[in-house]
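Shown next, in C-alpha cells, is the structure this report addresses.
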There are 4 protein chains.
Amino acid sequence: MKQRAIQQSDKDQRRQDLLDAALALWQADPNRLRIEAVAKAAGVAKGTVYLYFRSKEEILLAIHERHVAAFFAALRAGGEQGTITFETMMDLVFAHMVRVPAFLPLASLCHGLMESGVEPEIALGLKHRIGERLGEAGHLLQSRLGLDSPENGVAFLMHGYGLILGLWQILHPSPLRDMAKNDPAIQNIDRDFETELRQALRALWVGEFGPTKGAP
Amino acid sequence: MKQRAIQQSDKDQRRQDLLDAALALWQADPNRLRIEAVAKAAGVAKGTVYLYFRSKEEILLAIHERHVAAFFAALRAGGEQGTITFETMMDLVFAHMVRVPAFLPLASLCHGLMESGVEPEIALGLKHRIGERLGEAGHLLQSRLGLDSPENGVAFLMHGYGLILGLWQILHPSPLRDMAKNDPAIQNIDRDFETELRQALRALWVGEFGPTKGAP
Amino acid sequence: MKQRAIQQSDKDQRRQDLLDAALALWQADPNRLRIEAVAKAAGVAKGTVYLYFRSKEEILLAIHERHVAAFFAALRAGGEQGTITFETMMDLVFAHMVRVPAFLPLASLCHGLMESGVEPEIALGLKHRIGERLGEAGHLLQSRLGLDSPENGVAFLMHGYGLILGLWQILHPSPLRDMAKNDPAIQNIDRDFETELRQALRALWVGEFGPTKGAP
Amino acid sequence: MKQRAIQQSDKDQRRQDLLDAALALWQADPNRLRIEAVAKAAGVAKGTVYLYFRSKEEILLAIHERHVAAFFAALRAGGEQGTITFETMMDLVFAHMVRVPAFLPLASLCHGLMESGVEPEIALGLKHRIGERLGEAGHLLQSRLGLDSPENGVAFLMHGYGLILGLWQILHPSPLRDMAKNDPAIQNIDRDFETELRQALRALWVGEFGPTKGAP
DNA sequence: TATGAATGAGCATTCATTCAT
DNA sequence: AATGAATGAATGCTCATTCAT
C-alpha cells in the first residue's frame, strides 16, 4: 500500500501525479486511456483514483484546466514584465498553447465532454474558474495591450482561441495528411498549421483591434 | 421486405433516406444514435444499412459531406449571380453553415472521427472531394471577391471556417450556459455566438485581405 | 455461429436450452451464476442470451415460472383423473414442489427479485400468468376437493404454499445444520423438514377446510 | 474523534446506536445500505463499525436477532401474566412480528444470509441463541397453552413462524401490488396479508393442537 | 438485395474491508 | 479505540458488425 496522504499537500501531490500519469497515457493513445493503467502508472490502486477524481472524464478536464492555468500564468507573467504586443502574445500562444503537445487535442475533446460526459456541476465549476482567469486577463490586456476595455481584452482572447482551436482541427499534422501526399486535390488544401495560424491570428487581431496596438 | 433497389437512382434515394433518418436521430440525441434505430426510421432492416455504409461513423461523415456540399453549392450559385463581397459571404456562411442546426456540432465531431474512427481510405476520400470543391471555390473567390490568387481564396475559406468552428465550440448555446446564468465569473465570458462570430469573422477577413475587397 | 433460430419453435427451444443451462449452473452454485457461463453451457455467445432474456434476474424468474407451471399442470392432470383429496394434494406438493431440487430455494429468491431486481412490468407479467393459473386451479379444487367456492380453492393453495415456503426457509437441509450436530440448543429446534411440513400442512388444511374434505 | 467507549456499557450503547442507524437506513432502502452511511448516521468513522461488527451481513443478522429477542421477551412476559390462548398468541404475533415494520422483510433476508453471506460460526452462534430461547418458549407454551410436551410448544412456534414468513413473502403489501390494481388475473390472487394470515394461522394451530387449547 | 439472428469486444465504477497512523 | 486513506475484487450489458438464409 502506498504511503497514505494525510496532509492536504500530500493529497495535492498525489492528484498531480495522477494527472501526470493520465496525460502521458492519453498522449500515447487517446482512445486507449484506461483508469487501471493510470492507477498503475501513478503507483496506486484503481480505487484510489476515484478518491481524487469522480470519473475518467473529470481527469481529462483537470488536465485541460492545468494547461489553461499555465497559459494564463504565463500571460500574467508577461504582463508583469511590461507592455504586451501582438508579437509577444503570439509568442505566448505558441509557447504555451500551440506547442504544448496535448493542449489543443485535449481542448478539442474537453469542449465536447463538458456538454455531455461529466456532471453539469463539474463542467460549471471548470467554466467558473476559467471565467475568473479570463476576466482578469481581460483587464490585463486592456492595460498592457492598450485595448479600450476589459471586454475587448476578453474578446481578444476568445476570438483568438476560437481561431486557434478551429484551425488546429482542420490543419493539425496527422498521419492522414502524410498519406495524402500524392493527392493533388488534397495538397490543394493542405497547409502548414503553424504558418496559417500565425498569419490568420495576426490578421484577426489587426482587423479587430487595429494595427497600431501591436507595434507601439 | 422492402422493395429492392435495383436502379442506381433507387439506391441513391435509399442512401439519402438513411442519411435523413440518421440526421434526425443524431440531432435528437447525439449520444443515442443507434444503427438499429436508423434502419427502423428508414424502413429497412439493420443489415441493409451496411449495404450502403460501412460503419456508423461513415454515416456521420456522409451527412457532414452533404452539409459541406450544400454550402459549396450555395457559394457557387452566389458566384454565378455576380460579385461576392464580405457581406454576401457572411450571409452565405450564416445561412448555410451557422444556422443549419447540425452543421457545426457534426463538423466538430467529424474532424475527430477522421483521425480515428473510420478507415483512412474513407477519410481520405472525403478529404479529396472536399479538397476539389475547395479548390474550385478558391478560384471562384479570386475572381468574384477580387483576391490576388486562388490560394488566397482557399485561405479565405479555411481561416474563416477555422474561426467559425472554434468559436462555435466555445460559445454555442447549450443547457450548460443556461445553468450558469447566476454565475458572474461565467457571465463575464458568456457572449452571444452569432454576434461574436460576425464581428470576429469580419475582422479576420478585413485584417487578412483588406477592407476594400468587401466593398467594391 | 450456432444454427440460427428463425422459426418460432426454434426460438422457443433455444429459450428452453438457456433455461436448462442456467438452472444447472444456479443449482451448482447460486452465487456464482454468470451469464457468460450460461451462454457457453447453452452453446451460444453472451450477447445471444440477451436476445432471449433482458437480464440475469429475468432468467431466474423464467425458471421459477417453469417450475410453477409444471406444478399447475400436474394439478390439472390430477383433477382430470377424478377426485382430489388432501392426500393426493400432499403427494402432488411433494412430487412437484418439495422434491424438485431447485423449486423452493429459487422461489425464495424470486419473491425478493420481483420487488427489486427486475422491471416492474416483468414482475407483473409473471404475477399475471401465475394469477391466471391460480384462478383456474381454484375452480378445479372447488369441484374436485369439494370446497365451498373457487376463492377457497385459491386460499387452500396460497396458504399451503406460504407454509411450504416459510417452513423450507427455516428447516431446509443445509451444511450449516450438519455443523450443528453437537449443539443441544440447536438440536432442540432442528427438525426434519419433510416430516414437519407434512404434519403442519395437513393440520393447516384440516383446520381450515375440515377433516371430511380429505377423506370422501 | 468520538469519545472512546472504554466501559462495556458504553460499548454496548455504541453497538445499539449502530444497529439503530443501520435499521433506519435499511428500511429506507434495503438495497442502498452502505457501511459508510451507517457510520455517519451513528456519528463514527467507517473503520469503527468494524470494531463492533465483522461484516455488513453481521449487522443485519444482529438487527434480526434483536427483533427475535423482543418477540421472545414479549412471549415470556405474556406467560408471566397467566394462561396463554391462541388469541393471545395471535395478538403477540401481530404486535411483535407482523407489525414491526422491518421484522419480516429482514427475516426473509437473514434466512438466506445464514446459508451464505456470513461465516458459519456467526450463523451458528445466532442459531444457538435462538435455539435456547425457542427451547424455553416450548416449555412455556406447554404449561401456559396446555400442550402435551415442550416439543409441541416448539412445533407450535416453528410451524406458525413458517406460515407467517412464507405468507408474508407472497402477500405483503408492495408497490407492485398497487400497480396491479387493474389486472383481474392478479386481483384474483391479491388478498390482504393480515386477514389471510390470521385465518390461516388460526387454522394451522387448531388443526394441529385442537380447538380446545385456544379457548379454555 | 434484404433480412435479422448471432456475435463478442470492451471496461468504468462501487464499496466492503483493511490497516497505518 | 478511532480514524479514514487505500485497496481491488467483481461483471453485466450494449450495440456495432457480420453473415447464413
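So that the names make sense, note that chain A is the first sequence line, chain B the second, and so on, each numbered from 1.
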Where the side chain of Ala45(B) is defined as all heavy atoms beyond and including C-beta, which of dT7(F), dT3(E), dT3(F) is the nearest nucleotide?
dT3(E)
Would you say the side chain of Leu60(D) lies within less than 4.5 Å of the side chain of His64(D), judging by non-hydrogen atoms?
no
Closest contact, heavy atoms only, Asp20(B) versus Arg66(B)
OD1-NH2, 2.8 Å
Enumerate, atom names and distances included, each donor-acceptor pair closer than 3.5 Å involving a side-chain atom of residues 32-54 of chain D, sequence neighbours excluded.
from, atom 1, to, atom 2, distance (Å)
Thr48(D), OG1, Ala45(D), O, 3.4

Between the OG atom in Ser55(A) and the CD atom in Glu119(A), the distance rounded to the nearest 0.5 Å is 8.0 Å
At under 4.0 Å between heavy atoms, which parts of nucleotides 16-21 of chain E does protein reach? Answer with one letter per nucleotide, 5' to 3': B base, S sugar-phosphate only, - none.
SBBBBS
Contacts of His128(B) that satisfy ring-ring contact (aromatic ring centres under 6.0 Å, His included) - sequence neighbours left out
none
Rounding to a whole Å, what distance do you find between Phe53(C):CZ and dG12(F):C1'?
16 Å
Spacing of Glu58(D) atom CD and Leu113(D) atom CG [to the nearest 0.5 Å]
11.5 Å
Starting at NZ of Lys40(A) and ending at P of dA12(E), how long is that distance when rounded to a whole Å?
14 Å
Show me, range against range, the stems involving DNA chain F, built from at least 3 consecutive Watson-Crick or G-U pairs below 3.5 Å.
E:2-21 with F:2-21
N/O donor to acceptor pairs below 3.5 angstrom from side-chain atoms of residues 6-13 of chain D, sequence neighbours left out:
from, atom 1, to, atom 2, distance (Å)
Gln8(D), NE2, Asp12(D), OD1, 3.0
Gln13(D), NE2, Asp17(D), OD1, 2.9

Working to the nearest 0.5 Å, report the span between CG of Leu61(B) and CG of Leu19(B).
11.0 Å
Closer to the 5' end of DNA chain F via nearest nucleotide, is it Gly43(A) or Thr48(C)?
Gly43(A)
Looking only at the side chain of Ala5(A) (C-beta and beyond, no hydrogens), which of the listed nucleotides dA2(F), dA6(F), dA5(E) gets closest?
dA6(F)
Rounded to the nearest 0.5 Å, what's the gap from OG on Ser116(B) to CD on Glu57(B)? Could you check?
9.0 Å
Which part of the nucleic acid does Tyr52(B) contact within heavy-atom distance under 4.0 Å: base, sugar-phosphate only, or nothing?
sugar-phosphate
Does any residue of residues 10-32 of chain A have a heavy atom under 4.0 Å from DNA chain F, and if so, which ones, in number order?
Lys11(A), Arg14(A)
Search all heavy atoms of Ala102(D) against all heavy atoms of Trp26(D) and return the closest pair with its distance.
CB-CZ3, 4.0 Å
Drop me the distance from Leu176(A)'s CG to Glu121(B)'s CD, to the nearest 0.5 angstrom.
11.5 Å
